[in-house]
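Numbers restart at 1 for each chain; the letters A, B, ... are given by sequence-line order, proteins then strands. Excluded from the calculations below are hydrogen atoms, water molecules and symmetry mates; all remaining heavy atoms, backbone and side chain alike, are included.
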There are 2 protein chains.
Amino acid sequence: MSKVGIREVAKLAGVSTGTVSRILNDHPSVTKELRARVTAIIKDLGYTPDPSARSMRGKVSRLIGIVIPDLTNPFFAELVQSAEQAAANHGYNIIVMTSFDHAAKEADRIKQLTSRKVDGIMLVPSNDFHTLKLPKGLPIVVVDRLMPGYSGIAADHRNGVRLGVEHLLQLGHRRIGFISGPGHSVPANDRLRGYLDAIEQAREQADGTRMAGPPLIAEAAFDYESGRSAGNYLLARARNERPTAIFASSDQQAIGCMRAAHDLGIPIPAALSILGFDGIPLASMTTPRLTTVKQPIQDIAAAAVAVLLNKQTAPELDNPILFACEILKGETTASPQPD
Amino acid sequence: MSKVGIREVAKLAGVSTGTVSRILNDHPSVTKELRARVTAIIKDLGYTPDPSARSMRGKVSRLIGIVIPDLTNPFFAELVQSAEQAAANHGYNIIVMTSFDHAAKEADRIKQLTSRKVDGIMLVPSNDFHTLKLPKGLPIVVVDRLMPGYSGIAADHRNGVRLGVEHLLQLGHRRIGFISGPGHSVPANDRLRGYLDAIEQAREQADGTRMAGPPLIAEAAFDYESGRSAGNYLLARARNERPTAIFASSDQQAIGCMRAAHDLGIPIPAALSILGFDGIPLASMTTPRLTTVKQPIQDIAAAAVAVLLNKQTAPELDNPILFACEILKGETTASPQPD
DNA sequence: TTGTACGCGTTATCAC
DNA sequence: GTGATAACGCGTACAA
């Protein structure tokens, strides 16, 4: 149970340390039988290469760093967990750090990771990312909040929202409100664009039924409380003018909005449909269960890890990899009642 | 921006590498002024010691490992985030791994962490922990799910539950139902004990008002759906026999139970009080807001890290450090209506 | 108090 | 195809 190094293995096998090293690293120029014999001895001794020594000599640490704004956000938690799985499948481990959406902290974290010699960084940038200088030469993949100038991977928020709006349109809704995310957030803007796209398109196709005139949009932070006030704002008008459906930019907003509707005595989904975005586990725990547009978090995480490990070619700059969203049907959307 | 090592610093300061090393490690035998000068140069060059080399030569990696069953569980997510903060304050980073409550995976993770030379492991054991062999010589602190034979840190579940029951008693409840956690879970049993303690004590003090006779206990997993069926079970009896309050062992159970009550047309808190346990953010997002017993997660995490870094003496075996819980008042508890 | 020299476990570069 | 050896960057006896 003590220090069994590569030397012990070599001595016991009657070969040199170099050979053992080559075997460990799947170097081709080693006889099959020799490889077999040494491998047996390795297993026998229970020898494991020392990661510290490895990362000192070579350039590989088999470590990837993850920097996210907030781990208590269920979306990021699942992202990290999925990434850990994906990394483990390749013999990698992860170092997790939280930036709290603070650019200075974020820069510091990245510096730490660099000195740790991580083989790559998966970054969900803080919102004031523009002040951020990233070290060159270290693979970095930006996830979810895309940044111009870096390889990015994310869900296709824009089309995801279109999907959601179309779902509501098909149910017969014509006055569809939208709770937008904070204006400085990249995904928030993508989602807003998706909404505007879909509404615009519906207007053009105007199949007799007219779409509502004034845009029914409220901007809010992604959290619960903001969703609630935005809901209050959107619902504070005469019944024949207020939206019959509200599409929120996050599940938490949607749940806050449900609460607002509940406080106003508006039954869901009878008098108001509500649609969320994200697909966090929480969505299925509300009463009634929230219908939501689900992001393929696991796919995103797996792709990000694959890119960092060079298992997959990195996306071009300014041409991110996007994953399609899908609708997770709950009980908060239904056809509108006639006025 | 290239490789600035300890040698460059030494050369530029006109001292030897040994001196620089001693300065870095706060070795006492160095002149104050020399220390000051070299420190300045270090900062000037932006020199950072190479962690890999450090952990190879010395025994310290400034890395601590965290193994938890499931990161998407909000409780564990907050635990990890708090630990990361605490570790960062001491110049440490964390490697996070998920065991999925699978003993074999867990053992493998721990082995990986050992070979990474982490300076300590914070472990929330999987439920079949009894099959677990932990490496000696490596500081390990068991958190939340206490294990006999290891240093443990957790919330005082037992007294926390007592607190909750007393809250309900003070409101006037006499038929208090309890949704217990899974029987094989250590915290679940602690919580059940707390409930039984409090009820027993209330019986003895029997101040005229009689406590309900038969125990109103339902065992369930910690999740939402299980809480819902347990709630259904407890509420499926005549009004004057069913509990006027239900205390759940987790917030998710409590929320499931709220849904059960809602489906049965039982208003909360008018006809039924509900009390949760954990204090996850989700608790304040329900309608109405859940009253719950909050665990001091940050304190737990900070203490665990402190113990691992020897900043604080480890708790005796079988004599864990316990942190007091507190009641987080929401809107789901109130005095019972007369029958 | 400070400098020197060596070793930690591995991989890469040569010879063989 | 395989063996010997330098080098990676730092900590630490030991010598001065």
Side-chain angles (χ1 to χ4, degrees), chain A residues 1-39 41-42 45-63 91-92 111-112 114-119 137, chain B residues 1-39 41-42 45-63 91 112 114-119 137:
Chain A
M1 195 52 219
S2 59
K3 47 309 201 69
V4 42
I6 198 174
R7 257 181 282 270
E8 281 68 36
V9 177
K11 185 162 295 179
L12 213 124
V15 298
S16 78
T17 61
T19 305
V20 179
S21 173
R22 280 186 284 262
I23 290 178
L24 286 173
N25 296 288
D26 289 325
H27 200 287
S29 59
V30 169
T31 331
K32 277 215 184 295
E33 45 182 22
L34 183 54
R35 174 184 300 275
R37 209 185 74 218
V38 178
T39 309
I41 300 205
I42 289 178
L45 286 182
Y47 160 75
T48 337
D50 183 334
S52 322
R54 269 192 151 160
S55 78
M56 181 164 119
R57 187 57 181 92
K59 46 220 62 201
V60 205
S61 64
R62 287 184 162 70
L63 225 39
Y92 273 66
K111 208 156 93 184
Q112 283 185 47
T114 308
S115 82
R116 285 265 184 214
K117 293 225 186 70
V118 295
D119 295 342
Chain B
M1 194 50 219
S2 58
K3 43 321 216 39
V4 40
I6 197 174
R7 261 179 283 268
E8 283 67 36
V9 177
K11 186 163 293 179
L12 213 125
V15 298
S16 78
T17 61
T19 307
V20 179
S21 172
R22 280 185 283 263
I23 291 178
L24 285 173
N25 297 288
D26 289 326
H27 199 287
S29 56
V30 167
T31 330
K32 278 214 182 297
E33 45 182 20
L34 183 54
R35 173 184 301 275
R37 211 185 71 218
V38 178
T39 308
I41 300 207
I42 289 178
L45 286 182
Y47 161 74
T48 338
D50 183 334
S52 321
R54 268 191 152 163
S55 78
M56 184 168 106
R57 187 60 186 93
K59 46 221 64 198
V60 205
S61 63
R62 287 184 161 71
L63 224 41
Q112 283 185 48
T114 308
S115 83
R116 286 266 184 213
K117 292 225 188 67
V118 295
D119 295 343

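Close to C:dT10, at under 4.0 Å from its OP1 or OP2, lies no side-chain N or O of A:Ser55.
Applying the side-chain contact (heavy atoms from CB on, under 4.5 Å) criterion to B:Ser16, with sequence neighbours excluded, gives B:Thr19. Looking at residues two or more places apart in sequence or on another chain, you find a salt bridge (Lys or Arg N to Asp or Glu O under 4.0 Å) between A:Arg35 and A:Asp26. Scored by the side-chain hydrogen bond (donor to acceptor under 3.5 Å, both in side chains) test, B:Arg57 finds no partners at all (sequence neighbours excluded). Shown here are the side-chain hydrogen bond (donor to acceptor under 3.5 Å, both in side chains) partners of B:Ser55, two or more places apart in sequence or in another chain: A:Ser52.
Side chains of A:Ser115 and B:Asp50 form no contact here, defined as non-hydrogen atoms less than 4.5 Å apart.
When the P atom of D:dT2 is taken as reference, atom NZ of A:Lys32 falls 12 Å away, rounded to whole Å. Between B:Lys117 atom NZ and C:dC8 atom P there is a gap of 12 Å when expressed in whole angstrom units. In this structure, CD of B:Glu8 is placed 13 Å from C1' of D:dC10, rounded to the nearest angstrom. In this structure, CZ of A:Arg7 is placed 13 Å from C1' of D:dA6, rounded to the nearest angstrom. Rounded to whole Å, the distance from CZ on B:Arg116 to C1' on C:dG9 is 15 Å. Distance, A:Ile23 CD1 to D:dG1 P: 13 Å, rounded to whole Å. Atom-to-atom, NE2 of A:His27 to C1' of C:dC14 comes out at 13 Å; the value is rounded to the nearest Å.
The rotation axes computed at either terminus of the helix from C:dT1-D:dA16 to C:dC16-D:dG1 lie 40° apart, taking five pairs at each end and rounding to 10 degrees.
Across all non-hydrogen atoms, the minimal contact from B:Ser61 to B:Asp119 is N-OD1, 3.0 Å.
When the nearest nucleotides of DNA chain C are assigned to B:Met56 and B:Pro28 by heavy-atom distance, the more 5′-ward of the two goes with B:Pro28.
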task: Between protein and nucleotides 11-16 of chain D, map the contacts as a letter string: B base, S sugar-phosphate only, - none, heavy atoms under 4.0 Å, written 5' to 3'.
output: BBB---

